[in-house]
J.: 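Handing you a structure now.
Throughout, a chain's letter reflects where its sequence line sits, starting with A, and its residues are numbered from 1. Bear in mind the structure is a predicted one, so any value in this text is a computation, not a measurement.
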Amino acid sequence: MMRTHRGGELKTSDVGTTVVMCGWVGNRRDHGGVIFVDLRDSSGIIQVVIDPSDEGLDVGRRLRNEWVLRVTGSVRERPAGTTNDDMATGQIEVGAVAVEVLSESEPIPFPLDDRVEVDENLRLRHRYLDLRRDAMQSNLRLRARVNSAVRLAMEAQGFCEIETPMLIASTPEGARDFVVPSRLKPGNFYALPQSPQLFKQLLMVGGFDRYFQIARCLRDEDLRADRQFEFMQLDLEMSFADQQDVIEATSKAVVAAAKAARPDAAVGEVGRITWHEAMDRFGSDKPDIRFGMELTELTAIFSATEFRAFADVEAVKGICVPGEADATRSKVDALVDRAKQLGAAGLVWMRVRDTENGVDLESPVAKFLTETERKAVVVALGAVPGDLVLIASGERHKTCQILGQIRLDLGRPPVTEGLAFVWVVDFPLFEGLTDDGKPIPAHHPFTMPHAEDIDRLESDPLSVRSQAYDLVLNGWELGSGSVRIYRPDIQQRIFSMLGIEAEEAHSKFGFLLDAFAYGAPPHAGFAFGLDRLVAILAGEENIREVIAFPKTQSGTDPLTNAPTAVDDKQLGELGLRLLPKKA
RNA sequence: GGUCCUGUGGUGCAGUUUGGAGUGCACGCCGCCCUGUCAAGGCGGAGGCCGCGGGUUCAAAUCCCGUCAGGACCGCCA
């Protein structure tokens with residue numbers, strides 16, 4: 001037996017016990033006649049006291065940080081006045097009677113304490129060291145608890161966990177596929193799955209009416225703070241179920257995850273908002289509802305205005321920034337620049353002041369507005385003296401998006417603050433038209449149109465809502481789902497609207513359409529990103545902090561040096577030859 | 001494909017605006033001293049291609065151009 005105890009778990013009640021522990025030297029304090037070693041293992045830290053004059057303990061002199069030890073000793077209370085209340089085990093210590101060096105360590109390339117933020121590239125190059133840090137240990141352990149809670153929640157609801165293949169056929173829709181050359185069929189390629197989408201629908205046809213999987217998904221698109229090539233999703237699909245059923249089942253899983261990760265945090269009912277209302281109030285289809293500063297409708301106030309920027313536009317929207325009336329000119333100019341960068345024609349700012357004339361707006365453009373207009377803006381926004389009012393105008397959707405982004409810039413709380421889940425429902429089925437007039441699907445082409453809107457499919461496609469729904473947490477899109485089309489006639493109407501010929505549809509999705517010909521149950525599903533969920537629950541702004549071995553923004557791994565070249569023999573077996581490098 | 005930020009002993013920074021000897025701080029590392037520390041303390045020491053290449057200049061960490069690496073974002077992510 002290597003060890004009897006883990007140091008971090010020792011308690012005052014263990015005083016008097018002889019223990020054998022294994023761990024790393026977290027820190028050593030050599031006082032000459034007595035040496036303190038903070039022995040670290042997965043459970044925490046315990047202070048080991050070594051008297052180097054004792055027989056066999058002169059090894060204590062040689063010890064260095066990150067050496068691996070096996071320590072035998074007895075648990076004792078610390079002498080009065082030497083306890084450490086900042087440590088979980090600060091009331092006790094282990095008096096060493098034997099110290100065995102299991103492994104020595106070179107000085108490590110960066111400190112493991114959290115007092116300095118080390119260059120991320122260096123951390124990734126030595127990720128095995130970085131993982132020893134408290135923050136990484138607790139993030140990955142939190143992640144494991146979330147996985148476990150999600151799995152339990154799904155099983156408790158009668159979902160069956162089924163794995164789907166990693167080597168699949170490439171389909172041209174959606175994100176860029178990662179592609180794997182076939183050795184047995186040279187010149188042909190597998191794709192790695194962007195999601196198990198088509199397979200889970202086949203499972204529904206196959207009679208598994210409640211499927212789930214903690215699935216690895218791969219997309220060859222540029223990386224971001226919240227996006228890696230490969231990521232994990234809780235993927236689920238239900239037969240004989242509607243949007244409400246899916247939302248309830250998924251909500252149980254995320255609430256269970258949140259409770260597992262943050263037992264002390266308040267996680268209430270998961271709210272719901274329509275896409276239209278989310279755009280209108282928050283200027284985003286992934287609203288961060290943790291704070292106010294909502295977008296206010298001002299269009300009617302300026303219906304007859306003389307002010308050019310607000311006249312004859314689709315929408316005038318404003319937000320009220322509390323207490324920012326004295327923002328410097330350079331700060332408000334920066335806001336105007338930001339709005340322009342986001343595609344706005346401009347941004348009107350006005351300081352709310354207490355004047356002899358009552359509460360009024362002070363701004364270079366105030367003189368172009370009537371007093372009635374100014375007062376109406378103050379009332380509509382609920383502004384009080386000391387506030388700063390920002391107003392944008394133009395095409396409705398764009399105006400909302402721009403103000404929504406500025407709202408986030410100015411008011412977004414830190415990631416650690418609060419947990420606000422919200423379902424966004426009633427997305428439009430199409431998000432616009434291509435140049436040749438074909439509608440662009442907002443989700444995938446198997447998304448069921450809203451029952452009430454289906455008659456307008458051809459006559460007014462942009463007004464058609466879909467039975468698609470997103471789950472949002474603190475303004476991060478966690479995932480999306482939909483009720484699927486299972487009726488060939490509706491599917492055919494959608495395909496023909498999108499300009500997908502029968503032959504093309506068959507070559508791309510033929511196996512799914514074939515399957516639907518044999519008694520397809522109505523079904524609906526969802527998938528949400530576990531990396532993003534775990535990051536927010538861990539209070540991290542970057543999903544790399546909750547992934548053991550992530551890639552850099554340029555898609556490399558500084559630890560293994562992936563991706564690497566392969567030799568010609570390997571290429572030959574695959575029937576491949578590299579093109580000459582571009583000059 | 002694009003915009004912006006960063007790159008200085010092992011680590012984290014200052015120095016770059018306004019060119020003048022690799023100058024400084026903290027941590028770590030090595031040695032010696034030290035029996036109650038816990039970011040131990042004291043004394044001493046080692047350690048630098050200022051990311052790389054070119055240019056301007058009497059002189060470049062500093063200015064200019066290019067390039068590489070990392071990061072944030074736009075495009076992209078049905």
Side-chain angles (χ1 to χ4, degrees), chain A residues 26-40 45-54 60-62 64-66 76 78-87 89-91 93 95 105-126 129-130 171-177 194-195 197-198 217-229 231 338 341-343 405 409 427 429-432 439-447 466 468 477 480 482 494 498 500 508-509 527 529 541-542 544 550-556 558 561:
Chain A
N27 190 18
R28 90 205 125 87
R29 295 173 292 281
D30 185 344
H31 287 238
V34 62
I35 300 165
F36 301 98
V37 168
D38 291 338
L39 191 71
R40 184 190 71 240
I45 288 174
I46 181 76
Q47 173 166 283
V48 171
V49 186
I50 299 171
D51 185 338
S53 63
D54 284 353
R61 290 251 179 272
R62 291 175 50 232
R64 292 294 182 270
N65 285 345
E66 300 307 318
R76 65 197 188 201
R78 294 193 186 187
T82 67
T83 58
N84 183 347
D85 291 337
D86 296 331
M87 269 175 90
T89 59
Q91 306 304 309
E93 62 190 17
S105 172
E106 298 286 320
I108 52 174
F110 57 91
L112 299 188
D113 60 48
D114 291 323
R115 286 180 293 147
V116 287
E117 196 163 321
V118 177
D119 177 70
E120 195 181 351
N121 200 35
L122 186 65
R123 289 174 54 202
L124 292 181
R125 203 154 71 229
H126 303 278
L129 294 178
D130 192 47
T171 54
E173 258 71 28
R176 190 179 297 113
D177 277 329
Q194 297 175 25
S195 80
Q197 181 64 38
L198 299 174
C217 305
L218 298 107
R219 294 178 190 175
D220 188 5
E221 298 292 350
D222 286 3
L223 294 76
R224 289 280 195 284
D226 62 351
R227 274 160 40 187
Q228 285 270 307
F229 283 153
F231 56 99
R338 174 68 168 154
Q341 180 199 336
L342 292 166
Q405 184 57 56
D409 291 350
F427 271 73
L429 187 63
F430 304 109
E431 63 185 16
I440 303 164
H443 203 51
H444 58 60
F446 314 112
T447 304
S466 71
E477 182 191 325
S480 58
S482 62
I494 299 283
L498 300 177
I500 299 176
K508 285 175 181 169
F509 315 112
E541 290 179 12
N542 193 311
R544 294 189 299 271
K551 304 278 189 291
T552 66
Q553 197 166 72
S554 57
T556 64
N561 277 325

J.: Looking only at atom P, what distance separates rA26(B) and rG41(B), rounded to whole Å?
T.: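 The answer is 12 Å between these two P atoms.
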J.: Tell me if the CD atom of Glu541(A) is crowded by more than 12 foreign heavy atoms within 6.0 Å.
T.: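 Not buried by this count: 12 neighbours or fewer within 6.0 Å.
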J.: Checking contacts here: which listed nucleotide (rU11(B), rA72(B), rG75(B)) is nearest the side-chain heavy atoms of Val118(A)?
T.: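 Nearest nucleotide to the side chain: rU11(B).
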J.: By nearest atom, which of the nucleotides rG31(B), rC73(B), rU37(B) is closest to the Phe36(A) side chain?
T.: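 Given the options rG31(B), rC73(B), rU37(B), the side chain of Phe36(A) is closest to rU37(B).
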J.: What's the closest nucleotide to the Ala175(A) side chain, out of rC29(B), rG10(B), rC77(B)?
T.: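 Nucleotide nearest to Ala175(A)'s side chain: rC77(B).
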J.: Please tell me which of Val49(A) and His443(A) maps to the more 5' nucleotide of RNA chain B, matching each residue to the nucleotide holding its nearest heavy atom.
T.: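 The residue whose closest nucleotide sits nearer the 5' end is Val49(A).
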J.: How long is the line joining CG of Asn65(A) and P of rG28(B), in whole Å?
T.: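 Taking atom P of rG28(B) as the reference, CG of Asn65(A) is at 9 Å.
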J.: rG75(B) P sits how many Å from Leu342(A) CG, rounded?
T.: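 Answer to the nearest Å: 10 Å.
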J.: Can you measure Glu106(A) atom CD to rC29(B) atom P for me and round it to whole angstrom units?
T.: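 My rounded result for the distance is 13 Å.
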J.: If I pick the C1' atom on rA61(B) and the same atom on rA78(B), what distance separates them, to the nearest angstrom?
T.: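 The answer is 49 Å between these two C1' atoms.
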J.: Nearest of rU37(B), rU11(B), rG75(B) to any side-chain atom of Arg78(A)?
T.: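 Within the option list, the nearest is rU37(B).
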J.: For atom C1', what is the distance between rU11(B) and rG54(B), given to the nearest Å?
T.: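 After rounding to an integer number of Å, I get 31 Å for this pair.
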J.: Which nucleotide in the set rC29(B), rC73(B), rU35(B) lies at the smallest distance from any side-chain heavy atom of Arg224(A)?
T.: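 Nucleotide nearest to Arg224(A)'s side chain: rC73(B).
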J.: Roughly how many Å is it from CG in Asp119(A) to P in rG28(B), rounded to a whole number?
T.: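 So the two atoms are 20 Å apart, to the nearest Å.
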J.: What nucleotide among rG10(B), rG70(B), rG75(B) has an atom nearest to a side-chain atom of Pro109(A)?
T.: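 The answer is rG10(B), which lies nearest to the side chain.
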J.: Grab the CZ-P distance between Arg29(A) and rG42(B) for me, whole Å please.
T.: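 Roughly 16 Å, once rounded to whole Å.
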J.: Considering only rA78(B), rG71(B), rU37(B), which nucleotide approaches the side chain of Thr82(A) most closely?
T.: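 Of rA78(B), rG71(B), rU37(B), rU37(B) is nearest to the side chain of Thr82(A).
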J.: Round to a whole Å and report the spacing from CD of Gln228(A) to C1' of rG71(B).
T.: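 In whole Å, rG71(B) C1' and Gln228(A) CD are 13 Å from each other.
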J.: Nearest whole angstrom, please: distance from the P of rC34(B) to the CG of Asp51(A).
T.: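 Those two atoms, CG and P, are 14 Å apart.
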J.: If the cut-off is 4.0 Å, is Gln553(A) near the phosphate of rA72(B), judged by side-chain N/O to OP1 or OP2?
T.: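 Looking at the OP1 and OP2 atoms of rA72(B), one of them is under 4.0 Å from a side-chain N or O of Gln553(A).
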J.: Can a side-chain donor-acceptor contact be found between Asn84(A) and Gln47(A) if the only test is distance below 3.5 angstrom?
T.: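 The answer is no; no qualifying pair exists.
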J.: Under 4.0 Å between a side-chain N/O of Arg176(A) and OP1 or OP2 of rA78(B), yes or no?
T.: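 False: Arg176(A) side-chain N/O out of range (4.0 Å or more) of rA78(B) OP1/OP2.
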J.: Can you classify the ring geometry of His126(A) versus Phe110(A) as parallel (below 30°), tilted (30 to 60°) or perpendicular (above 60°)?
T.: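 The arrangement is tilted - the two ring planes meet at 30° to 60°.
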J.: To the nearest Å, how far apart are Glu120(A) CD and rA69(B) C1'?
T.: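 That distance rounds to 13 Å.
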J.: So, is Thr556(A) close to the rG70(B) phosphate, meaning a side-chain N or O under 4.0 Å from OP1 or OP2?
T.: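 Looking at the OP1 and OP2 atoms of rG70(B), one of them is under 4.0 Å from a side-chain N or O of Thr556(A).
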J.: Just N and O in the side chain of Arg28(A): are any of them under 4.0 Å from OP1 or OP2 of rC29(B)?
T.: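 Yes, such a contact exists.
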J.: Check this for me: does the side-chain of Asp222(A) come within 3.5 Å of the base of rG75(B) through a donor and an acceptor?
T.: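 Such a pair is found, so the answer is yes.
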J.: Across all strands shown, which nucleotide pairs with rU67(B) by Watson-Crick or G-U wobble geometry, both distances under 3.5 Å?
T.: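 WC or wobble partner is rG51(B).
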J.: What's the gap between rC29(B) and rA46(B) when it is taken at their C1' atoms, as a whole Å value?
T.: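 Each nucleotide's C1' atom is 9 Å from the other's.
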J.: What contact category does Asn542(A) fall into here, base, sugar-phosphate, or nothing, at under 4.0 angstrom with non-hydrogen atoms?
T.: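 Here Asn542(A) touches the backbone only, sparing every base.
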J.: rA78(B), rC29(B), rA72(B): which one has an atom nearest the side-chain heavy atoms of Gln197(A)?
T.: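 From the listed options, rA78(B) comes nearest.
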J.: Report yes if at least one side-chain N or O of Arg227(A) is closer than 4.0 Å to OP1 or OP2 of rC74(B); otherwise report no.
T.: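 No.
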J.: Could you please name the option among rG75(B), rC30(B), rG70(B) that lies closest to any side-chain atom of Ser554(A)?
T.: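 Within the option list, the nearest is rG70(B).
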J.: Counting only distance, no hydrogens or angles, is the base of rG75(B) paired donor-acceptor with the side chain of Glu221(A) under 3.5 Å?
T.: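 No such pair is found, so the answer is no.
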J.: When the P atoms of rC27(B) and rC38(B) are considered, how many whole Å apart are they?
T.: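 These two P atoms come out 14 Å apart once rounded.
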J.: Which is true for Asn121(A) with a 4.0 Å heavy-atom rule: it touches a base, it touches only sugar-phosphate, or it touches nothing?
T.: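 Answer is sugar-phosphate: Asn121(A) comes under 4.0 Å of backbone atoms only.
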J.: What's the closest nucleotide to the Asp38(A) side chain, out of rG71(B), rC29(B), rC38(B)?
T.: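 Ranking rG71(B), rC29(B), rC38(B) by closest atom to the Asp38(A) side chain puts rC38(B) first.
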J.: Please enumerate all residues that pass ring pair (Phe, Tyr, Trp, His ring centres under 6.0 Å) together with His443(A), with sequence neighbours excluded.
T.: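 His443(A): no ring pair (Phe, Tyr, Trp, His ring centres under 6.0 Å) contacts found.
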